[in-house]
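Here is how names work: the chains are called A, B, and so on, in the same order as the sequence lines, proteins then strands, and each is numbered from 1.
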Number of protein chains: 2
Amino acid sequence: MNGRFQIAVHILTLLSKANCELLSSDYIAGSININPALARKEISNLRNYGLITSKEGKSGGYGLNKSSGQITLADIYQAVRNQPFLGLAKNSPNPDCPVGKQINKNIDSLYADLDKTLFTKLKTITLADFSEKFD
Amino acid sequence: MNGRFQIAVHILTLLSKANCELLSSDYIAGSININPALARKEISNLRNYGLITSKEGKSGGYGLNKSSGQITLADIYQAVRNQPFLGLAKNSPNPDCPVGKQINKNIDSLYADLDKTLFTKLKTITLADFSEKFD
DNA sequence: TCATCTGTAATAAAAAATATTACAGTAAAG
DNA sequence: CTTTACTGTAATATTTTTTATTACAGATGA
């Protein structure tokens, strides 16, 4: 799993515990210990997926766009991955070999299967569930 | 998922279809289209996990150490990963932030949970099952 | 004793992830 | 209106990880 997933979960957990106060990218980046520009970039992506709202200008910042009970970890993962969960087969095997010729197709289909399994699991956990684990 | 998993599955599929003939690292690397030294390195690891046997010297090569029905994809993955399936939390968040302080613990526990889900799924698929998909 | 393999380490190159810098644009507050 | 404190985003640099390459010692059979 991608490091971006962890960052995204961290961001959304902060927002979920912020009680509707807007948080700045500086504050968020400080909690994660990453660069504010990187935080803004990930936030921008999460906003494209409808999970976050933002407000520009002085006293601007970020908040959740839905209640934490309505956001599942599957939503977060879907926003973060640009490829299927486990990546695609990416070798260029020998087409003259009977196994090489078919391996990518079969690996892709295996990955899709595993992907579905994980996704099903992630759908059962809401951001609210996850946030509750923090004091 | 790791590129090494795909390589490992490819190697074991080749061996499983080789009908007990020993295959050389050159042949295997040629099918995957990778460097023979890299293939030998992965094979060496798979041998440490009891999945492959090797024979040195002229007319040497590699073969399966168990029947393909006795090897599951979970065995292969376990051999290939050095860390849990989805990696460990690896940020160094701010310990002065209530969320930052606890995020790694909670992410690790989430990953362990997801890991178990995937592992359970992978255990249901044998190398024989996978190999059957090739003509 | 030569040819053909494996085993492994050291190194190099390529690719991917992450961090940094910079600055234009927006909104509130004086 | 002008200053201040933010977001939005692109360009670039750095670091880390992955993958490839080279090299050669050791094993085994012909």
Side-chain angles (χ1 to χ4, degrees), chain A residues 1-8 10-11 14-15 18 21-49 51-65 80-83 86-94, chain B residues 1-8 10-11 14-15 18 21-49 51-65 80-83 86-94:
Chain A
M1 173 111 59
N2 205 319
R4 283 177 61 202
F5 181 73
Q6 182 178 356
I7 288 175
H10 194 144
I11 292 168
L14 287 170
L15 297 180
E21 253 186 72
L22 296 186
L23 302 181
S24 74
S25 62
D26 253 47
Y27 174 82
I28 291 170
S31 169
I32 306 176
N33 194 25
I34 60 173
N35 195 283
L38 188 58
R40 290 203 287 271
K41 195 172 166 193
E42 191 56 56
I43 288 165
S44 166
N45 178 55
L46 293 167
R47 190 188 45 210
N48 291 337
Y49 281 86
L51 304 179
I52 287 181
T53 52
S54 67
K55 189 185 162 202
E56 289 186 51
K58 193 166 180 175
S59 83
Y62 305 99
L64 286 188
N65 193 37
V80 156
R81 64 171 176 183
N82 24 31
Q83 299 182 328
L86 297 141
L88 280 173
K90 61 175 181 172
N91 293 125
S92 309
N94 189 342
Chain B
M1 172 111 58
N2 205 318
R4 284 178 59 202
F5 181 73
Q6 182 177 355
I7 288 175
H10 194 144
I11 292 169
L14 287 170
L15 297 180
E21 253 186 71
L22 296 187
L23 303 182
S24 74
S25 62
D26 253 46
Y27 175 82
I28 291 170
S31 169
I32 306 176
N33 194 25
I34 60 173
N35 195 284
L38 187 59
R40 291 203 288 270
K41 194 172 168 193
E42 192 55 56
I43 288 166
S44 167
N45 178 55
L46 294 167
R47 191 188 43 209
N48 290 338
Y49 281 87
L51 303 179
I52 287 182
T53 51
S54 67
K55 189 183 161 202
E56 289 186 51
K58 192 165 181 176
S59 84
Y62 305 98
L64 287 188
N65 192 39
V80 155
R81 66 173 175 182
N82 24 30
Q83 299 179 330
L86 296 140
L88 279 173
K90 60 176 183 173
N91 293 125
S92 309
N94 189 342

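- Here the closest heavy-atom approach between residue A/Ser59 and residue A/Leu22 is recorded as O-CD1, 4.2 Å.
- In this structure, NZ in B/Lys41 is found 11.0 Å from CD1 in B/Ile34, a value given to the nearest 0.5 Å.
- Rounded to whole angstrom, the span from the CG atom of A/Leu23 across to the C1' atom of D/dT7 amounts to 14 Å.
- Nearest nucleotide to the A/Arg47 side chain, out of D/dG8, C/dG7, C/dA19: D/dG8.
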For nucleotides 28-30 of chain D, give me every protein contact, N/O to N/O, under 3.5 Å, one pair per line with atom names.
unit_1: D/dT28; atom_1: O2; unit_2: B/Lys58; atom_2: N; d: 2.9

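- To the nearest angstrom, C1' of C/dT21 lies 9 Å from CG of A/Asn35.
- Along DNA chain D, the nucleotide nearest to A/Gly60 and the one nearest to A/Lys41 differ in position, and the one closer to the 5' end is contacted by A/Gly60.
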**side-chain contact (heavy atoms from CB on, under 4.5 Å) between B/Tyr62 and B/Arg40, worked out** = CA-CA 10 Å; B/Tyr62 305 98; B/Arg40 291 203 288 270; 3.6 Å; yes
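- Comparing the start and finish of the helix from C/dT1-D/dA30 to C/dG30-D/dC1, five pairs each, the helix axis swings through 0°, to the nearest 10 degrees.
- One interatomic measurement links the two molecules: CD1 of A/Ile52 to P of D/dG8, which rounds to 10 Å at whole-angstrom precision.
- Counting to the nearest Å, the C1' atom of C/dA10 and the CG atom of B/Leu38 are 15 Å from each other.
- Taking atom CD1 on A/Ile7 and atom C1' on C/dA19, their separation rounds to 11 Å, with Å as the unit.
- Atom CZ in B/Arg81 sits roughly 15 Å away from atom P in D/dT18 (whole-Å rounding).
- Here the nucleotide nearest the side chain of A/Ala37, chosen from C/dT20, C/dT18, D/dA20, is C/dT20.
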**Message:** Is there a side-chain contact (heavy atoms from CB on, under 4.5 Å) between A/Glu42 and A/Val80? Walk through the geometry before answering.
**Reply:** CA-CA 8 Å; A/Glu42 191 56 56; A/Val80 156; 3.8 Å; yes
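- In this entry the distance linking CD of B/Glu42 with C1' of C/dT8 reads 14 Å, nearest Å.
- As a whole-Å value, the separation of A/Arg40 CZ from C/dC23 P is 14 Å.
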**Request:** With side-chain contact (heavy atoms from CB on, under 4.5 Å) as the test, would you mind laying out the steps for A/Ile52 and A/Ile11 before giving the verdict?
**Result:** CA-CA 10 Å; A/Ile52 287 181; A/Ile11 292 168; 4.0 Å; yes
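- Heavy atoms only, all atoms of each residue included: A/Ala39 and A/Ala29 are closest at CB-CB, 4.0 Å.
- OP1 or OP2 of C/dG7 lies within a sub-4.0 Å distance of a side-chain N or O belonging to B/Tyr62.
- Interatomic distance, B/Ile43 CD1 to B/Thr53 OG1, rounded to the nearest 0.5 Å: 10.5 Å.
- Checking the phosphate oxygens (OP1, OP2) of C/dG7, a side-chain nitrogen or oxygen of B/Ser54 falls inside 4.0 Å.
- Counting heavy atoms from C-beta outward, A/Arg4 and A/Asn45 have side chains that approach closer than 4.5 Å.
- Minimum atom distance to the side chain of B/Ser44 is reached by C/dT8, of the listed C/dG7, C/dT8, D/dG8.
- Residue B/Ile34 has its side chain nearest to D/dA20 when only D/dA20, C/dT20, C/dA19 are considered.
- Under the side chain to side chain contact (heavy atoms under 4.5 Å, CB included) rule, B/Leu46 has a single partner from B/Leu64, B/Leu51, B/Leu15, which is B/Leu51.
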